[in-house]
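Each chain gets a letter, A, B and so on, in the order the sequences are listed, and its residues count up from 1. All values reported here derive from a predicted model rather than from experimental measurement. We use all heavy atoms of the structure for the numbers below, so side chains are in, but hydrogens, waters and symmetry mates are not.
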Number of protein chains: 2
Amino acid sequence: MDLKEGREKFIQSWGTLGSHWGINRTMAQIHALLLVSDEPMSANDIKDDLNISMGNVNMNIRALMDWGLVYKKLKSGERKDFYEAEKDMWKVVKCIVTQRKKKELEPMIRVLNEISQVKGEDKETQEFKKVIQEIKLFSSKADTALDNFMKSDSNWVLKTFFNVMK
Amino acid sequence: MDLKEGREKFIQSWGTLGSHWGINRTMAQIHALLLVSDEPMSANDIKDDLNISMGNVNMNIRALMDWGLVYKKLKSGERKDFYEAEKDMWKVVKCIVTQRKKKELEPMIRVLNEISQVKGEDKETQEFKKVIQEIKLFSSKADTALDNFMKSDSNWVLKTFFNVMK
DNA sequence: CTGAGTTTTCAAAAAATACTGAAAAATAAT
DNA sequence: ATTATTTTTCAGTATTTTTTGAAAACTCAG
């Protein structure tokens, strides 16, 4: 396998992986491309490399910047914007977890709080409230756990789960 | 808010949450419905409740069973199959993590292994291999960490991340 | 200020994904 | 064996998501 092939394969797979992680295929491919490119790339470079439209590059680059996975890097003497990827995998994971917690877990917890206000003394309602209560408790714990996870450093987490448990 | 409304809202939100977790909207709604239903339900009950076709119920129920999120429960004297949801949230999370690790992380690691065989002595190739190597190392660690995570019990994980860290 | 280069926007088109409905297969009761 | 019920399958349809391409809006050098 040569470089071109390997690079191609990586971009492809990273795209697939990303698409299961709330990052769409193209977004993840752009991220992959920037990951394996030593030099920052312009929107135009990316468009040519992946064979997609400028509009598409633009939208996805901006989304990637929102996620904190890609940075703008200005090259002196160049008018275009250049971009580079966050290459520290631990930071990448933290970015994704932070975003998804905010966009998914937190809204769910808000809904669970609302729902647990349901009125009614009948058995069915009580049953319902019990189930919701349990889910709420678990979710809140997970929420705090994730906050802590994100504060902790890569080594600690990996070491702990890597070895310590039986 | 009354029971009907609350139940509706829960199913709706759980559906949205699930759709970000590799579980499609309807699949997650079925799971939600079964979660808040004290009695096991038949495919027909589910179809009526969510206003979707039998075919849809059937496909999604089977997917849910593959994921390990729903069990078949036969009622004596009844010809139909009945279904109930896994209600232990810790188990639910474990199911999902296990499946996604298998379907996403493991294939990625295989690709990374292939790719790191790329031949070439030039600087560019060496750079590429270095990046891939780092990602591979991180992924393998994550893989083991997830295995351990899944072996550990809910209390341990939540307690550890809940408090212990600074 | 002008205009070439660059980025942004967004309606319409294309692609991917999910759903239906009807028919076929399986299962079980008579 | 026949019939009634339930489950499964899948081609066609509908919905959702992503992408394009062309126009508008910027930006900055001259």
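Of the N and O atoms on the side chains of B:Asn56 and B:Ser53, not one donor lies less than 3.5 Å from an acceptor on the other residue. B:Thr144 and B:Asp147 share no donor-acceptor pair across their side chains, judged by distance under 3.5 Å alone.
In this structure, B:Lys80 places its NZ atom 11 Å from P of D:dT5, rounding to the nearest Å. For B:Ile52 and D:dA14, the CD1 to P distance is 18 Å, given to the nearest whole Å. Note: CG (A:Asp81) to C1' (D:dT27) measures 11 Å, nearest angstrom. If you measure from atom CG of A:Asn60 to atom P of D:dT17, you get 15 Å, rounded to the nearest angstrom. The distance between atom CD of A:Glu78 and atom P of D:dT27, rounded to the nearest whole Å, is 18 Å. What separates CG of B:Asn56 from P of D:dA14 is a distance of 15 Å, to the nearest Å. For the pair B:Asn44 CG and D:dT5 C1', the computed distance is 11 Å after rounding to whole Å. Distance A:Asn24 CG to D:dT20 P: 11 Å, rounded to the nearest Å.
Among the heavy atoms of the strands lying under 4.0 Å from A:Arg62 are primed sugar atoms or P, OP1, OP2 only; no base atom is included. Note on B:Ser42: nothing from the nucleic acid sits closer than 4.0 angstrom, heavy atoms only.
More than 12 heavy atoms of other residues, nucleotides or ligands shown are found within 6.0 angstrom of NZ on A:Lys103. In A:Lys91, the NZ atom is not crowded: 12 or fewer heavy atoms of neighbouring residues, nucleotides or ligands sit closer than 6.0 Å.
Checked by distance alone, A:Arg79 brings a side-chain donor or acceptor within 3.5 Å of a matching partner on the base of D:dT27.
The outermost nucleotides of DNA chain C lying under 4.0 Å from heavy atoms of chain B, listed 5' to 3', are C:dA18 to C:dA28.
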Worked check of salt bridge (Lys or Arg N to Asp or Glu O under 4.0 Å) between A:Glu86 and A:Lys94: CA-CA 11 Å; A:Glu86 173 57 64; A:Lys94 278 215 284 206; over 6 Å; no
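A donor-acceptor pair under 3.5 Å links the side-chain atoms of A:Ser140 to the main chain of A:Lys136, judged by distance alone.
The side chain to side chain contact (heavy atoms under 4.5 Å, CB included) test with B:Phe10 is passed by exactly one of A:Val131, A:Leu112, A:Val118: A:Leu112.
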